[in-house]
Amino acid sequence: MAGEPQADCLFCKIVAGTVPATVVRETGTTVAFRDINPQAPTHILIIPKVHYPDAASLTAAEPGIAADLLREAGEIAAEEKIDGHGYRVVFNTGAGAGQTVFHAHAHLLGGRGLEWPPG
Ligand code: AMP
Ligand code: ZN
């Protein structure tokens, strides 16, 4: 069924607690944890507890949860004090854009200058 946990999904395992992560915040619908390979001084992943392969499919099925991800991104940016200088929220979608984990997730990046356009 859409949204159900997938046995072979790393982020479903983090939601279930069977794979450890450095969790910074959790809500009823989301979990946020530090990226294991940070690309900026602050690099946090914000994921829905439900499994959808990417941001577009999540938003089509559960727009409220997609909004939860964005709300959490803003609140965590303030908590991490990266909101003053500026931060970026990224949804890599598809292998050609660098997506490697096919469970929707937002990257929250900040704490350094961020170039535009990204590579
Ligand atoms: P993406 O490449 O957009 O699919 O993002 C996946 C992200 O997950 C990458 O930035 C990885 O560094 C990160 N990642 C992979 N495994 C883990 C893990 N066990 N804990 C935290 N972050 C992870
Ligand atoms: Zn999953």
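Indexing begins at 1, ligand by ligand and atom by atom, following the structure's order. None of these values were measured; they are calculated from a predicted model.
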- Task: Report, in ascending order of atom number, the atoms of ligand 1 lying under 4.0 Å from any heavy atom of N92.
- Result: 3 (O)
- Query: Would E80 and R25 count as a salt bridge (Lys or Arg N to Asp or Glu O under 4.0 Å) if you check the C-alpha gap in whole Å, the side-chain angles of each, and the deciding distance to 0.1 Å?
  - Reply: CA-CA 11 Å; E80 296 279 321; R25 258 167 86 104; over 6 Å; no
- Message: Using a 4.0 Å cut-off to any heavy atom of L45, which atoms of ligand 1 qualify?
- Response: 7 (C), 8 (O), 13 (C), 22 (N)
- Message: Check for me, please, whether V90 and I76 land in the same ILVMFWY cluster - side-chain distances under 4.5 Å, paths through other members count.
- Response: no
- Message: Here's a test for you: under side chain to side chain donor-acceptor pair (under 3.5 Å), which of H43, Q39, R88 qualifies with H107?
- Response: H43
- Starting from the Zn ion (ligand 2), look over the N/O/S atoms of H51 and name the nearest one. ND1
- If we only count heavy atoms from C-beta on, is the L58 to V50 side-chain gap below 4.5 Å? yes
- Which residue and non-hydrogen atom of the protein lie closest to atom 2 (O) of ligand 1, and at what distance in Å? G98 O, 2.7 Å
- How far is atom 16 (N) of ligand 1 from its nearest protein heavy atom, and which residue and atom name does that atom have? L10 CD2, 3.3 Å
- By number and element, which atoms of ligand 1 are closer than 4.0 Å to a non-hydrogen atom of N37? 12 (O)
- Query: If you group Ile, Leu, Val, Met, Phe, Trp and Tyr by side-chain heavy-atom gaps below 4.5 Å, do F11 and V15 land in one group?
  - Reply: yes
- Message: Using heavy atoms and a 4.0 Å limit, tell me yes or no: is H107 in contact with ligand 1?
- Response: yes
- dist F102:CZ -> D8:CG (nearest 0.5 Å) comes out at 12.0 Å
- Message: Among all protein heavy atoms in this structure, tell me which lies nearest to atom 22 (N) of ligand 1, with the distance rounded to 0.1 Å.
- Response: I36 N, 3.2 Å
- Name the closest protein heavy atom to atom 4 (O) of ligand 1, giving the residue it belongs to and the distance to 0.1 Å. T100 N, 2.7 Å
- Quick one: look at F11 and ligand 1, take heavy-atom pairs under 4.0 Å, and tell me if it's side chain, backbone, both or neither. side chain
- Item | CA sep, side-chain torsions, deciding dist, call: H103, H105, ring-ring contact (aromatic ring centres under 6.0 Å, His included) | CA-CA 6 Å; H103 177 129; H105 53 279; 7.9 Å; no
- Query: Considering only heavy atoms from C-beta outward, does the side chain of I14 approach that of F33 to under 4.5 Å?
  - Reply: yes
- Shortest protein heavy-atom distance from atom 12 (O) of ligand 1, along with the residue and atom involved: D35 OD1, 2.5 Å
- Note on the structure: Rounded to 10°, the SG/C9 to the Zn ion (ligand 2) to SG/C12 angle comes out at 120°
- Which of the atoms of ligand 1 are close to V101, meaning less than 4.0 Å from one of its heavy atoms? 4 (O), 6 (C)
- Between D68 and T30, does a side-chain hydrogen bond (donor to acceptor under 3.5 Å, both in side chains) hold up when you go through it step by step? CA-CA 7 Å; D68 292 343; T30 66; over 6 Å; no
- Item | Ligand-residue contact atoms, ligand 1 with R34, heavy atoms, under 4.0 Å | 21 (C)
- Is F102 touching ligand 1 with its side chain, its backbone, both, or neither, if touching means heavy atoms under 4.0 Å apart? neither
- Query: When clusters are formed by joining ILVMFWY residues with side-chain heavy atoms under 4.5 Å apart, either directly or through shared neighbours, do I46 and V19 land in the same one?
  - Reply: no
- Identify the protein heavy atom lying closest to atom 1 (P) of ligand 1, giving its residue, its atom name and the separation to 0.1 Å. H105 NE2, 3.2 Å
- Using a cut-off of 6.0 Å, state whether more than 12 heavy atoms not belonging to E115 lie near its atom CD. no
- Which of the N/O/S atoms in H103 sits closest to the Zn ion (ligand 2)? ND1
